[in-house]
Every structure is written in structure tokens, then in C-alpha cells.
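Everything below concerns the one structure shown next.
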Amino acid sequence: MKNEAEKALFSTQLKEFATTLREFIATGDEWTIRGFIDIFKNIYTISSDTKIVSKVLELHLFPHFLAFAESIGYDIELATYQNWYPDLTFISKSNPQVKFAVDLKTTYRDEEYPGFCNGFTLGSHGEYFVERTSTKNIQYPYDEYSGHFCLGIIYSRAALDKNEETHIYSIDEIESIPAVIKNFLFFAEEKWKIASDKGGSGNTANIGSIQKIDDILNGNGVFTKAGEELFDDYWANFGKIEILVNGKRKKLSSFEEYLQYRGLSMELNNPKAPKRKAK
């Protein structure tokens with residue numbers, strides 16, 4: 001259920017909120033979380049595994065999401081199940097018909113390719129994306145949301161030796177425990193504006209993000225010139241429409257191919273720069 005005025009306001013508020021988050025989780029450039037503590041006051045260092053880092057970051061920030069929602073007149077509803085979309089549903093207190101999907105995404109800078117990150121997924125392009133009234137794996141039907149947003153964290157991974165990664169510290173040594181991640185960059189953007197035209201993960205039907213950090217921060221994705229409707233149509237048909245290339249049939253797999261298939265202008269394409277290794 002689209003509500004453009006409410007969406008524009010929510011977008012501005014979410015982006016402003018994102019700029020405040022670093023102060024809650026970092027001192028200097030480093031993450032304030034250093035490990036897990038047991039009842040014997042032993043501290044176990046956090047692995048740099050991206051799934052662990054992502055979940056702890058979400059837990060660390062969640063109280064601030066609650067405070068933000070309250071300040072702008074919204075309630076937050078968590079996804080009922082772990083694999084459902086989105087992570088957070090913002091529901092207006094004054095008009096419960098106004099809902100926004102907010103997915104929390106984390107990724108790390110790619111040290112081999114300056115200016116790029118590892119990328120992230122932007123939700124499924126499966127059943128709930130295609131059938132906009134479906135309730136499969138989604139908190140509310142896709143069309144009931146007035147907008148779909150990503151609130152993301154880009155960080156750098158610290159170079160730790162094996163001893164630092166596996167050492168058990170006492171509570172008295174907390175100041176000497178190294179941080180596994182640092183140099184945080186927060187952003188918020190509508191997901192279609194930072195989408196690529198490639199899948200985001202191996203065998204699952206996920207939409208991939210662009211990877212150049214400046215483009216992410218500026219909402220300059222593959223579909224920026226084309227608009228959300230063509231983003232929706234492209235991903236609803238991704239891997240389904242077949243086209244003829246050099247006399248052979250293949251499944252459509254790029255926005256350029258999609259524009260050719262639909263007979264649309266190539267000027268609607270916004271191709272992204274490839275990664276280039278540092279010399």
C-alpha cells in the first residue's frame with residue numbers, strides 16, 4: 001500500500017537516524033563489543049565470522065531502533081521466524097495501514113579492491129516478491145508495505161593472529177582485548193536503489209546489492225535511472241524469461257538483456273564499475 005508522502009518522510013528520518021548509530025557502538029574507530037562473558041567472568045573473543053558479527057551488531061543496536069521508532073510515532077514488529085522478510089516492520093501508530101519494511105544488513109570492506117565492499121542480499125525475488133499478496137516467508141504481504149528499506153553497516157575486519165582470536169581473557173583484561181571489526185559506516189536507502197542485476201547468493205533466490213561503496217551511499221544502483229517498477233518487473237522475471245543469444249536460448253540474467261527484450265531504451269541501464277585490485 002503505497003503512500004509516497006509518508007515514504008519520503010520515513011526515508012529522511014531513517015537516513016538521519018543511521019548517521020547517529022556509530023556513537024552507540026564504537027570508541028574511536030573500534031567496536032566496543034569485545035567478547036562473550038560467562039558467570040566465571042571469563043571473556044571469550046568474538047569470531048570475525050560474518051554471521052556472528054551481524055547478529056551481535058543487531059542485538060547491540062536494537063534498543064536504539066526501539067527508541068527511534070517511538071520518537072517518530074511507530075511501533076516495531078520483529079519477523080515471526082528467522083528466515084522471514086523483513087527483519088523489522090515499522091507500523092505507524094496513527095495509521096496502522098502505513099508500514100515500512102527495514103532489513104538490517106552488514107558487510108565488510110574488500111581490502112583487495114579499494115572503495116568496494118563484499119556486498120549483501122536485499123531479500124528474495126521468490127514467491128512473496130512475485131505474488132504481492134502472498135504471506136509465505138514475509139511478515140505482511142509485500143504490497144502492504146509503503147516502502148522497502150535497507151539499513152546497512154559497512155565495516156573493516158581487523159587483522160588478528162590466531163592467539164588473539166582464541167585467547168580467553170579475564171574481566172580485568174578487558175581493555176586489552178582486540179576488537180574484531182572497526183571503521184564503521186552506516187547508511188539507509190530504499191533497496192531498489194542499491195540493487196544490482198545479479199543474484200546475491202548461490203542457490204537461493206536473493207537479490208544482490210551493488211558493491212561500490214560510493215554508489216551505495218548515493219543510492220546509485222543499476223535501476224536508479226529505470227525506477228522501482230522496472231526493478232520489480234526485472235526481478236520478478238529473473239531467471240525465467242528466455243532469450244535468444246547467438247542462436248541459442250538462455251535465461252535472461254542481466255538488466256541490459258531485459259531492456260532489449262522489452263524493447264526499452266538502453267539509457268535506462270545504469271551499469272556499475274567492476275572491482276579493480278589494488279596494485
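Atoms considered below: every heavy atom in the structure, side chains included; atoms not considered: hydrogens, waters and symmetry mates. We number each residue from 1, following the sequence as shown.
No donor-acceptor contact under 3.5 angstrom links the side chains of Glu190 and Ser11, judged on distance only.
A salt bridge between Lys193 and Glu228 is absent, with no side-chain N of the basic residue lying under 4.0 Å from a carboxylate O of the acidic one. A salt bridge does not link Glu175 to Arg34: none of the charged side-chain nitrogens sits closer than 4.0 Å to a carboxylate oxygen.
Considering every non-hydrogen atom in both Ile52 and Ser47, the closest pair reads CD1-CB, 3.9 Å. Residues Arg109 and Ile213 approach most closely at CG-CD1, 4.0 Å, considering heavy atoms. When all heavy atoms of Lys136 and Tyr128 are compared, the closest pair comes out as O-CD2, 3.4 Å. Closest non-hydrogen pair, Trp31 versus Val53, comes out as CH2-O, 4.2 Å. Counting all heavy atoms, side chain and backbone alike, Ser146 lies closest to Lys7 at O-CD, 3.2 Å.
Aromatic rings from Phe90 and Phe149 are positioned such that their centres are separated by 6.0 Å or more. Ring centroid separation for the pair His64 and Phe62 does not come in under the 6.0 Å cut-off. Between Tyr142 and Phe129, the ring centre distance stays below 6.0 Å.
In this structure, Thr224 contributes its side chain and Gly219 its backbone to a donor-acceptor pair below 3.5 Å. Side-chain N or O atoms of Ser196 include one that pairs as donor or acceptor with a backbone N or O of Gly208 at under 3.5 Å. A donor-acceptor pair under 3.5 Å is absent between the side-chain atoms of Arg262 and the main chain of Tyr234, judged by distance alone. Looking only at distances, no side-chain donor or acceptor of Lys105 sits under 3.5 Å from a matching main-chain atom of Cys150. Judged by distance alone, the side chain of Asp233 and the main-chain N or O of Glu229 form no donor-acceptor pair under 3.5 Å.
Here Ile153 contributes atom CD1 and Thr107 contributes atom OG1; the two are 11.0 Å apart, rounded to the nearest 0.5 Å. The structure places CG of Asn95 at 7.0 Å from CD of Glu6, a figure rounded to the nearest 0.5 Å. Here the straight-line distance linking atom CG of Leu259 with atom CG of Leu264 works out to 5.5 Å at 0.5 Å rounding.
The local environment of NZ in Lys251 is sparse, with at most 12 non-hydrogen atoms from other residues, nucleotides or ligands closer than 6.0 Å. Atom NZ of Lys182 sits in a sparse spot, with 12 or fewer heavy atoms from other residues, nucleotides or ligands closer than 6.0 Å. Heavy atoms of other residues, nucleotides or ligands lying less than 6.0 angstrom from NZ of Lys51 number 12 at most.
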Test log, rule salt bridge (charged side-chain N to carboxylate O under 4.0 Å, His left out), inputs Glu242 and Lys248: CA-CA 10 Å; Glu242 289 192 345; Lys248 297 181 179 180; over 6 Å; no
Under the criterion side-chain hydrogen bond (donor to acceptor under 3.5 Å, both in side chains), I'd like the reasoning laid out for Tyr81 against Asn137: C-alpha separation, chi angles, the key distance, then a yes or no. CA-CA 8 Å; Tyr81 298 102; Asn137 297 335; over 6 Å; no
Set out, in order, the CA-CA distance, both residues' side-chain angles and the distance that settles side-chain hydrogen bond (donor to acceptor under 3.5 Å, both in side chains) for Tyr44 and His167, then state yes or no. CA-CA 7 Å; Tyr44 303 84; His167 187 69; over 6 Å; no
Show, in sequence, the C-alpha distance, side-chain angles and deciding distance for Lys272 and Asp215, and conclude whether the salt bridge (charged side-chain N to carboxylate O under 4.0 Å, His left out) test is met. CA-CA 9 Å; Lys272 299 291 97 189; Asp215 283 337; 3.5 Å; yes
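Between Tyr258 and Phe255, the angle of the ring planes stays under 30°, which puts this pair in the parallel group of the 30/60° scheme. Note: Phe68 and Phe10 have tilted aromatic rings, judged against thresholds of 30 and 60 degrees for the angle between ring planes.
When Leu104, Ile216, Ile207 are each tested for a side chain to side chain contact (heavy atoms under 4.5 Å, CB included) with Phe120, only one passes: Ile216.
Note that Lys99 lies in the cation-pi zone of Tyr140, set by a 6.0 Å cut-off to the ring centre and a 45° limit from the axis.
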